[in-house]
Amino acid sequence: MKIGIFNNETSESQRVTKLLRDEIERAGLEYDDDQPEVVITIGGDGTLLSAFHHYIDSLDRVRFVGIHTGHLGFYTDWRNFEIDDLVDSLVQDSGQSVSYPLLDMHAVYSDGSVENFVALNESTVRNITKTMVCDVYINNQLFENFRGDGLCISTPTGSTAYNKSVGGAIMDPTSIGFQLAEMASLNNRVFRTLGSPIIFGSDAKLMLRLRDDNDHVITCDREQMRQKNEKGDRHLVEVTYQVSDKRISFAQYRHNNFWNRVKDSFIGGAK
Ligand code: NAP
Ligand code: MN
C-alpha cells in the first residue's frame with residue numbers, strides 16, 4: 001500500500017513526520033507522495049484542509065488519516081504518541097473507510113469567466129468594508145434579499161468550524177446536505193432576512209446573486225478566490241452551491257464517536 005505524508009511546519013509535526021517515515025519503512029510499507037492510497041496528515045484540521053485540496057483530483061482513490069500535533073481536531077483523530085498503533089493499522093489495512101459529503105461551488109464573474117471549487121469545510125461570501133447586498137435563490141426561486149456582513153455555506157463536517165462561530169447548527173457528519181448561515185444580517189422594517197440558519201438536503205441548489213460590485217471576498221476553506229483578472233476589473237456576480245458528487249474518504253481504523261468529540265472540544269467536563 002502506498003502512503004503519502006502531508007505535514008505542517010511546526011517542530012513537533014516535523015518530529016512526528018520523521019518518526020512516521022522511519023516506521024513506515026521499517027514496516028515494509030511503500031512511501032509515495034505522488035500516487036498515494038492513504039494520505040497521513042500531521043498538524044491540525046487546517047493541515048488536513050490543505051492536504052484535501054492538494055489531492056483534490058485523486059479523491060476517488062485516496063483515503064485520509066489525520067494525526068494532530070496540537071489540540072484535538074475534528075478531521076485529526078490520531079495523537080502524536082500513537083504512531084506505533086497507526087502503523088499496525090496500516091499494515092493490517094483492509095480498505096475500511098468512511099466518507100463525507102462535500103460542497104460544489106460555481107462562481108461567475110463580471111468578465112464572463114467562471115470558476116469551480118470543492119469545499120471540505122465551507123465557502124463564505126463577504127464584504128469587508130460595506131454592507132453586502134445579495135439576492136438569495138433556493139432552487140432557482142428568489143427567497144430573500146440579504147444585507148449584512150456575509151453568508152457562510154458549510155458542509156456537514158465543516159459545521160463545527162466557521163459555521164458554528166456564526167451561529168449555525170452542528171450537523172451530524174453522516175447527513176447529506178449543506179448549511180447556510182448568516183453573518184450579521186441587517187434586520188429592520190426595511191430589510192428582512194430569515195434570520196436563522198437553513199439546512200438543505202441533498203438535491204438543493206443555492207444561488208447568491210450579488211447586487212453591487214464592491215469588494216467581495218469569496219473563500220473556499222483556507223483560500224480566498226482571486227477576485228481580479230489581469231486587468232484588475234473582475235468582480236463576483238453570482239455563485240451557486242450544491243452537494244458535490246465527490247466525497248472525502250477517511251481510513252477508518254477505529255470507531256470514533258463524533259458527539260464525544262463535539263463534547264470534548266466545546267463543552268469539556270460535563271458530568
Ligand atoms: P485557523 O484560523 O487555524 O482555523 C480556525 C480554527 O478552526 C482552528 O482551531 C482549526 O483547527 C479549526 N477548524 C478547522 N476545521 C474545523 C472543523 N471542520 N471543525 C472544527 N474546527 C475546525 O485556520 P485553518 O487552520 O486554515 O482552518 C481554516 C478554517 O478556519 C476555515 O475553513 C474556517 O472553518 C475556519 N475559520 C473560522 C473562523 C471563525 O470561527 N471565526 C474564521 C475564519 C476561519 P486547527 O487548529 O486544528 O487547524
Ligand atoms: Mn489551523
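Only a predicted model underlies this, so the values are computations on that prediction, with no experimental measurement involved.
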### Message
Could you go through Leu210 and His235, starting from their C-alpha distance and side-chain angles, then the distance that decides it, and tell me whether this counts as side chain to side chain contact (heavy atoms under 4.5 Å, CB included)?
### Response
CA-CA 10 Å; Leu210 282 308; His235 60 262; over 6 Å; no

Roughly how far, to the nearest 0.5 Å, is [atom2] of [Y] from [atom1] of [X]?
X: Ile170; Y: Asn163; atom1: CD1; atom2: CG; value: 8.5 Å
X: Asp104; Y: Cys220; atom1: CG; atom2: SG; value: 10.0 Å
X: Thr47; Y: Asn8; atom1: OG1; atom2: CG; value: 4.0 Å
X: Asp77; Y: Glu82; atom1: CG; atom2: CD; value: 8.5 Å

Close side-chain approach of [X] to [Y], heavy-atom, < 4.5 Å:
X: Phe146; Y: Met132; value: yes
X: Val87; Y: Arg26; value: no
X: His106; Y: Gln242; value: no
X: Leu48; Y: Leu120; value: yes
X: Asn7; Y: Val16; value: no
X: Pro36; Y: Phe6; value: no
X: Leu194; Y: Val136; value: no
X: Gln14; Y: Glu9; value: yes

Does any N or O in the side chain of [X] come within less than 3.5 Å of the main-chain N or O of [Y], such that one atom is a donor and the other an acceptor?
X: Asp221; Y: Asn121; answer: yes
X: Arg234; Y: Tyr109; answer: no
X: Gln179; Y: Ile199; answer: no
X: Ser185; Y: Thr193; answer: no
X: Arg261; Y: Asn256; answer: no
X: Thr155; Y: Gly158; answer: yes
X: Asp215; Y: Ile128; answer: no
X: Gln141; Y: Asn139; answer: no
X: Glu115; Y: Ala107; answer: no

### Message
Looking at Asn116, I'd like to know if its CG atom is crowded, meaning that more than 12 non-hydrogen atoms belonging to other residues, nucleotides or ligands lie closer than 6.0 Å.
### Response
yes

### Query
Should we count CG of Asp245 as having more than 12 external heavy atoms under 6.0 Å?
no

What is the minimum heavy-atom distance between [X] and [Y], and which atoms define it?
X: Pro197; Y: Ala169; result: CG-N, 4.5 Å
X: Phe64; Y: Leu59; result: CE1-CD2, 4.0 Å
X: Glu122; Y: Cys152; result: CG-SG, 4.0 Å
X: Gly4; Y: Asp33; result: CA-OD1, 3.4 Å
X: Ala119; Y: Phe52; result: C-CE2, 4.3 Å
X: Leu90; Y: Met1; result: O-CE, 3.6 Å

Flag for [Y]-[X]: side-chain donor and acceptor within less than 3.5 Å:
X: Gln92; Y: Tyr253; answer: no
X: Thr124; Y: Thr219; answer: yes
X: Ser123; Y: Tyr241; answer: yes
X: Ser13; Y: Thr69; answer: yes

### Query
With ring centroids as reference points, do Phe74 and Phe250 lie under 6.0 angstrom apart?
no

### Task
In sequence, state the C-alpha distance, the side-chain angles, and the governing distance for Glu23 and Asp84, and then conclude on side chain to side chain contact (heavy atoms under 4.5 Å, CB included).
CA-CA 8 Å; Glu23 291 292 319; Asp84 288 348; 3.6 Å; yes

### Task
Verify salt bridge (charged side-chain N to carboxylate O under 4.0 Å, His left out) between Asp85 and Arg254, making sure each step is shown before the conclusion.
CA-CA 11 Å; Asp85 287 354; Arg254 58 188 181 192; 5.4 Å; no

### Task
Would you sort out whether Thr157 and Tyr75 count as a side chain to side chain donor-acceptor pair (under 3.5 Å), showing the intermediate values?
CA-CA 8 Å; Thr157 56; Tyr75 299 116; 2.9 Å; yes

### Derivation of the side chain to side chain contact (heavy atoms under 4.5 Å, CB included) call for Phe117 and Glu223
CA-CA 11 Å; Phe117 296 94; Glu223 299 296 322; over 6 Å; no

### Query
What's the verdict on side chain to side chain contact (heavy atoms under 4.5 Å, CB included) for Met183 and Tyr162, showing C-alpha distance, side-chain angles and the deciding distance?
CA-CA 10 Å; Met183 299 157 100; Tyr162 209 154; 3.3 Å; yes

### Message
Taking side-chain contact (heavy atoms from CB on, under 4.5 Å) as the criterion, tell me which of Val237, Leu151, Thr240, Leu236 meets it with Leu208.
### Response
Leu151

#### Entry: Ion pair Asp212/Lys130, N-O distance below 4.0 Å
no

